[in-house]
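Each remark here refers to the structure printed beneath this line.
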Amino acid sequence: MSETVELSPVDLEILRVLQNDARTSNKELAAAVGLAPSTCLDRVARLRETGVITGQHAKVDAAKVGRPLEAFLFVQVRPHRRPLVEQFVEHLLALPEIRAVYHLTGPDDFLAHVATTSAAELQRLVLDELTSRDEVARVHTNLVFQQWQGGPLLPPDGEPAQGARIRRRDR
């Protein structure tokens, strides 16, 4: 079930600023979007309450915390059924190497972004935590050489000028 949230141009600007730097103080944010600090605080609270803003996160350099080798693991599971999917995702999320997990369409069922200490640790992860499981049919590994972050996530161009309608998925 999803719910539509009405976003004004000011809300969109708040989202842009916070996605570029979530540590922006309310006073700085209010000045940047042209609102009184109290009004800005109310707008941000509304964006959180409606689920548009789902959290604030610190970006961590994996190499600087001892996990210099990052990879994407494309995983195919068989049979691809809901109870198995839920158990498999729980297993993945319990592993310290996992950065993110995506459920996919196409030939692969999951994409797992991992960060490990070494190639040997990546091999251990694949062999002991993935391919040793009965439901895992195949794992394809791609190493990450370098990464870049995209800009803030905002509605596509062409939305109504008076505000955008954003669909929120219940989690």
Side-chain angles (χ1 to χ4, degrees), residues 1-3 5 7 11-25 29 44-45 47-156 164 166-171:
M1 182 178 191
S2 62
E3 165 186 328
V5 177
L7 296 176
D11 293 330
L12 295 175
E13 184 62 12
I14 288 171
L15 292 174
R16 187 192 64 73
V17 170
L18 289 178
Q19 285 181 85
N20 283 322
D21 185 359
R23 295 184 335 168
T24 302
S25 72
L29 181 60
V44 172
L47 291 168
R48 285 191 179 110
E49 289 166 9
T50 58
V52 175
I53 294 177
T54 59
Q56 293 174 255
H57 308 278
K59 277 175 136 175
V60 175
D61 184 322
K64 290 183 179 171
V65 295
R67 295 183 180 275
L69 185 65
E70 292 188 68
F72 287 103
L73 307 179
F74 294 87
V75 183
Q76 186 180 73
V77 297
R78 292 295 175 255
H80 191 187
R81 296 194 183 121
R82 185 174 302 279
L84 185 134
V85 165
E86 292 169 357
Q87 288 177 347
F88 185 67
V89 170
E90 284 178 22
H91 172 72
L92 289 178
L93 293 176
L95 300 172
E97 299 87 359
I98 297 293
R99 309 263 334 247
V101 176
Y102 304 91
H103 193 192
L104 307 173
T105 64
D108 298 304
D109 300 311
F110 295 95
L111 171 61
H113 179 197
V114 301
T116 64
T117 60
S118 64
E121 181 64 16
L122 178 60
Q123 180 183 30
R124 184 211 58 78
L125 176 69
V126 170
L127 294 176
D128 296 346
E129 299 294 347
L130 297 175
T131 60
S132 66
R133 295 180 63 93
D134 290 338
E135 70 270 24
V136 174
R138 182 174 66 82
V139 177
H140 176 87
T141 304
N142 286 31
L143 295 180
V144 175
F145 289 140
Q146 196 170 359
Q147 67 177 337
W148 295 266
Q149 188 72 33
L153 180 63
L154 298 172
I166 304 295
R167 291 210 157 270
R168 177 175 68 98
R169 282 178 247 122
D170 291 338
R171 299 188 194 270

message: Walk me through whether Phe88 and Phe110 qualify under ring-ring contact (aromatic ring centres under 6.0 Å, His included).
response: CA-CA 10 Å; Phe88 185 67; Phe110 295 95; 5.1 Å; yes
task: Start with the C-alpha gap between Leu154 and Arg16, add the side-chain angles, then the distance that decides, and say whether side chain to side chain contact (heavy atoms under 4.5 Å, CB included) holds.
output: CA-CA 7 Å; Leu154 298 172; Arg16 187 192 64 73; 4.1 Å; yes
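- Counting only heavy atoms from C-beta outward, the side chains of Leu127 and Ser132 never approach each other to under 4.5 Å.
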task: Check step by step if side chain to side chain donor-acceptor pair (under 3.5 Å) holds for Gln56 and Arg48.
output: CA-CA 10 Å; Gln56 293 174 255; Arg48 285 191 179 110; 3.0 Å; yes
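- Each of Leu92, Leu95, Leu122 was scored for a side chain to side chain contact (heavy atoms under 4.5 Å, CB included) with Val114, with one residue passing: Leu122.
- Counted by atom type alone, Glu135 and His80 present zero donor-acceptor pairs between their side chains at under 3.5 Å.
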Side chain to side chain contact (heavy atoms under 4.5 Å, CB included) between Arg99 and Arg67, intermediate numbers included: CA-CA 11 Å; Arg99 309 263 334 247; Arg67 295 183 180 275; over 6 Å; no
field: Evaluation steps, side chain to side chain contact (heavy atoms under 4.5 Å, CB included), between His103 and Val89
entry: CA-CA 9 Å; His103 193 192; Val89 170; over 6 Å; no
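- In summary, Arg81 and Glu86 do not engage in a salt bridge, as defined by a charged side-chain N under 4.0 Å from a carboxylate O.
- The closest side-chain heavy-atom distance from Val139 to Gln76 is not below 4.5 Å.
- Annotation: side chain of Val75 is not in contact with side chain of Asp108 (no heavy-atom distance under 4.5 Å).
- Looking only at side-chain heavy atoms (C-beta outward), Asn20 and Pro152 come within less than 4.5 Å of each other.
- In this structure, the side chains of Thr141 and Phe72 stay at 4.5 Å or more apart for every pair of heavy atoms.
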query: Is there a side chain to side chain contact (heavy atoms under 4.5 Å, CB included) between Leu15 and Leu7 once you walk through the steps?
result: CA-CA 10 Å; Leu15 292 174; Leu7 296 176; 4.2 Å; yes
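- A heavy-atom distance below 4.5 Å is found between the side chains of Val44 and Leu29.
- No more than 12 heavy-atom neighbours from other residues, nucleotides or ligands sit within 6.0 angstrom of CD on Gln123.
- Inter-residue side-chain proximity for Val101 and His113 is flagged as unmet; no heavy-atom pair is nearer than 4.5 Å.
- Within 6.0 Å of CG in Asp61 there are more than 12 heavy atoms belonging to other residues, nucleotides or ligands.
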